[in-house]
Asker: 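I'd like to ask you about the structure that follows.
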Amino acid sequence: MTQPITKAIVPAAGLGTRLLPATKSQPKEMLSVGRKPVIQYVIEELQAAGLSHALIVTGRRKRAIEDHFDSDPQLVSALERAGNEAMLADLAYLEAKSRIFYTRQSPAKGLGHAVSLGAGFVGSDDCAVALGDTLIAAEDPSAPLRAMIAAHQDLGAAAVVAVEKVPLEEAFRYGIVTVSGAEPAPGEPVAMTDIVEKPPAGTAPTSLAVAARYVFSPAIFEALERTLPDKRGEIQLSDAIKVLIQMGEPVYAWLLHPDQRRYDVGNFESYFRTFIDFALADERYGYLVRKHIKTKAYEL
Ligand code: UTP
């Protein structure tokens, strides 16, 4: 019987320079999207996907992440004394549904390097990787990872990589993949034949962009060791996936369904878009945001 996949690596050590000054002293993964910091959505998604052990790769100026997931008996008893049930419910995420481990990447030498720091944690198991600055919005945000894990196990894959279609003119921002055969159908894994990290404008071979969720066999760590740094001296995860393909390992792309959307907070444009969409969808305050935006719309 195949072993369930229970471990995930969450890279959250990047410098977040595109979000300065907001990220001068706080991690971008702690930026609030609606009522929760981004990384809380990520951890909840992993828990719901059965990934009960998460290794968060942090770094300098990232201590707020550990504090956010640390229990706070003083705060809880103050809320209990005040009978503040609603706020206690908001802190329910602190009840251990999974174990969170931390390691530091200092200095930040690229996403691939951050993932390589999880080698000892993962050992000889398969694992998932979920970027700490990127959310999945869907009726069930854990559905893509669950399906990718199932596909990974069915296919005996070395990697299953979530992808989404992006406008070609935006492809230079992403890892872009090429697959064998025709366009993939959502939820159907297709063999990946190539991947290029942030292709220069106008050179992207396809509009299929890596979507911040991955499932790997331990072969990824061997590929990471063989991966050369890019021109900025960073080890890129996309380059390691290319090495996996060159090693002859089975690598698949898994296209998100149209109602499963990837949102990141990596730059202010995408952060604002993410915040607005989540605030509009908020169960408690969404109607007020909608009312506000309607009023504003008359002024635009
Ligand atoms: P980005 O590619 O957005 O890079 O990271 P960045 O360094 O955080 O941001 P800029 O370019 O300086 O604005 C995508 C994810 O990978 C993590 C980040 O924390 C983020 O969750 N990451 C990136 C690392 O953990 N280590 C790195 O060296 C780079």
Side-chain angles (χ1 to χ4, degrees), residues 8-33 36-46 54-66 68-69 100-119 121-122 127-136 145 161-164 166 170-176 195-199 209-214 216 220-221 224 227-241 262-274:
I9 301 171
V10 181
L15 300 180
T17 39
R18 285 168 294 163
L19 290 164
L20 282 169
T23 50
K24 167 68 176 66
S25 65
Q26 67 167 339
K28 70 169 158 179
E29 294 79 9
M30 283 299 295
L31 289 175
S32 176
V33 168
K36 290 191 280 196
V38 183
I39 197 155
Q40 187 180 332
Y41 291 92
V42 177
I43 293 293
E44 288 172 350
E45 174 194 330
L46 296 177
L55 174 72
I56 305 183
V57 184
T58 68
R60 218 166 286 142
R61 294 191 294 270
K62 300 275 183 170
R63 233 174 277 157
I65 296 177
E66 289 179 49
H68 186 71
F69 291 107
I100 303 178
F101 301 80
Y102 300 91
T103 192
R104 279 194 168 213
Q105 184 196 27
S106 304
K109 285 193 288 189
L111 175 58
H113 178 253
V115 171
S116 74
L117 298 177
F121 167 77
V122 168
C127 71
V129 170
L131 303 196
D133 69 348
T134 305
L135 307 167
I136 300 292
L145 261 181
V161 179
V163 297
E164 62 170 354
V166 296
E170 284 179 28
F172 70 94
R173 297 177 198 270
Y174 302 96
I176 298 293
I195 179 166
V196 51
E197 180 62 18
K198 298 193 175 73
V210 173
R213 297 295 183 267
Y214 313 77
F216 290 118
I220 190 63
F221 298 109
L224 280 162
T227 302
L228 298 173
D230 65 8
K231 51 182 185 298
R232 289 165 52 198
E234 297 186 349
I235 305 282
Q236 295 303 339
L237 187 56
S238 296
D239 293 342
I241 294 170
R262 186 202 63 90
Y263 282 93
D264 72 78
V265 302
N267 59 64
F268 281 115
E269 187 194 337
S270 61
Y271 176 42
F272 292 160
R273 201 182 306 136
T274 302

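Ligands are counted one by one from 1 in listed order, and the atoms in each one are counted from 1 as well. Not measured: the values here are computed from a predicted model.
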Asker: In ligand 1, which numbered atoms sit nearer than 4.0 Å to a non-hydrogen atom of Ala114?
Answerer: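 This gives 24 (C), 25 (O), 26 (N) as the contact atoms.
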Asker: For ligand 1, which atoms, with element, lie under 4.0 Å from some heavy atom of Gln105?
Answerer: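 In order of numbering, the contacting atoms are 24 (C), 25 (O), 26 (N), 27 (C), 28 (O).
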Asker: Atom 14 (C) of ligand 1: which of Ile39, Val57, Asp133 has the nearest heavy atom?
Answerer: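 That would be Asp133.
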Asker: So do Arg213 and Val42 actually touch side chain to side chain, heavy atoms under 4.5 Å?
Answerer: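 Yes, close enough: below the 4.5 Å cut-off.
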Asker: Distance from Asp264 atom CG to Tyr271 atom OH, nearest 0.5 Å?
Answerer: 12.5 Å
Asker: Identify, for atom 12 (O) of ligand 1, the protein heavy atom at the shortest distance, and state residue, atom and that distance.
Answerer: Thr17 OG1, 2.5 Å
Asker: Side-chain contact, heavy-atom cut-off 4.5 Å: Glu44 with Lys36?
Answerer: yes
Asker: Answer yes or no: is there a side-chain heavy-atom contact under 4.5 Å between Glu197 and Ile195?
Answerer: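 Of all side-chain heavy-atom pairs linking Ile195 with Glu197, none is under 4.5 Å.
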Asker: Just to check, does Lys28 reach to within less than 4.0 Å of ligand 1 when the distance is taken from its heavy atoms?
Answerer: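 True for this residue.
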Asker: Taking atom CG of Leu31 and atom OG1 of Thr23, what is their separation to the nearest 0.5 Å?
Answerer: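 Between Leu31 CG and Thr23 OG1, I get 7.5 Å after rounding to 0.5 Å.
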Asker: State the atoms of ligand 1, each with its element, that fall below the 4.0 Å cut-off from a heavy-atom position in Ala12.
Answerer: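 The list of qualifying atoms is 19 (O), 25 (O).
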Asker: Could you tell me which atoms of ligand 1, counted from 1 in the order shown, lie closer than 4.0 angstrom to a heavy atom of Gly110?
Answerer: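 Going through ligand 1 atom by atom, the ones under 4.0 Å from Gly110 are 26 (N), 27 (C), 28 (O), 29 (C).
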Asker: Once you round to the nearest 0.5 Å, how far does CG of Leu224 lie from CD1 of Ile241?
Answerer: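 Output value for this atom pair is 8.5 Å.
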Asker: Measure the distances from the heavy atoms of His113 to every atom of ligand 1 and state whether one is below 4.0 angstrom.
Answerer: no
Asker: Give me the nearest non-hydrogen protein atom to atom 7 (O) of ligand 1 as residue plus atom name, then the distance to 0.1 Å.
Answerer: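 Of the protein heavy atoms, Leu15 N, 3.2 Å lies nearest.
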Asker: Could you tell me whether the side chain of Ile43 reaches within less than 4.5 Å of the side chain of Gln40, counting heavy atoms only?
Answerer: no
Asker: What residue and heavy atom of the protein are closest to atom 16 (O) of ligand 1, and at what distance?
Answerer: Leu111 CD1, 3.5 Å
Asker: Where do Leu19 and Gly266 come nearest, in terms of heavy atoms and distance?
Answerer: CG-O, 3.7 Å
Asker: How far is atom 2 (O) of ligand 1 from its nearest protein heavy atom, and which residue and atom is that?
Answerer: Arg18 NH2, 4.1 Å
Asker: Should you measure from each heavy atom of Gly16, which atoms of ligand 1 turn up under 4.0 Å away?
Answerer: 6 (P), 7 (O), 8 (O), 9 (O), 10 (P), 12 (O), 13 (O)
Asker: Among all protein heavy atoms, pick the one closest to atom 21 (O) of ligand 1 and tell me residue, atom and distance.
Answerer: Pro11 O, 3.0 Å
Asker: Using 30° and 60° as the class limits, which term best fits the ring planes of Phe216 and Tyr214: parallel, tilted or perpendicular?
Answerer: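 Answer is parallel, since the angle falls under 30°.
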Asker: Which side-chain hydrogen bond (donor to acceptor under 3.5 Å, both in side chains) pairs, counting each pair once, include a residue from residues 101-113, with sequence neighbours left out?
Answerer: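 Only Gln105-His113 qualify under side-chain hydrogen bond (donor to acceptor under 3.5 Å, both in side chains).
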Asker: Which atoms of ligand 1 sit under 4.0 Å from any heavy atom of Glu29?
Answerer: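 In order of number, 18 (C), 19 (O), 20 (C), 21 (O).
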Asker: Quick check: does Ala13 get an N/O under 3.5 Å from an N/O on ligand 1?
Answerer: yes
Asker: For Phe121, give me all partners under ring-ring contact (aromatic ring centres under 6.0 Å, His included), at least two apart in sequence or on another chain.
Answerer: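 Partners of Phe121 under the ring-ring contact (aromatic ring centres under 6.0 Å, His included) test: Phe101.
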Asker: What do you reckon, does Lys62 have a nitrogen or oxygen under 3.5 Å from a nitrogen or oxygen of ligand 1?
Answerer: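 The answer is no, given that Lys62 and ligand 1 share no N or O pair closer than 3.5 Å.
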Asker: Tell me the protein heavy atom at minimum distance from atom 18 (C) of ligand 1, and give that distance in Å.
Answerer: Gly14 N, 3.5 Å
Asker: Using a 4.0 Å cutoff against the non-hydrogen atoms of Lys109, which atoms of ligand 1 qualify?
Answerer: 28 (O)
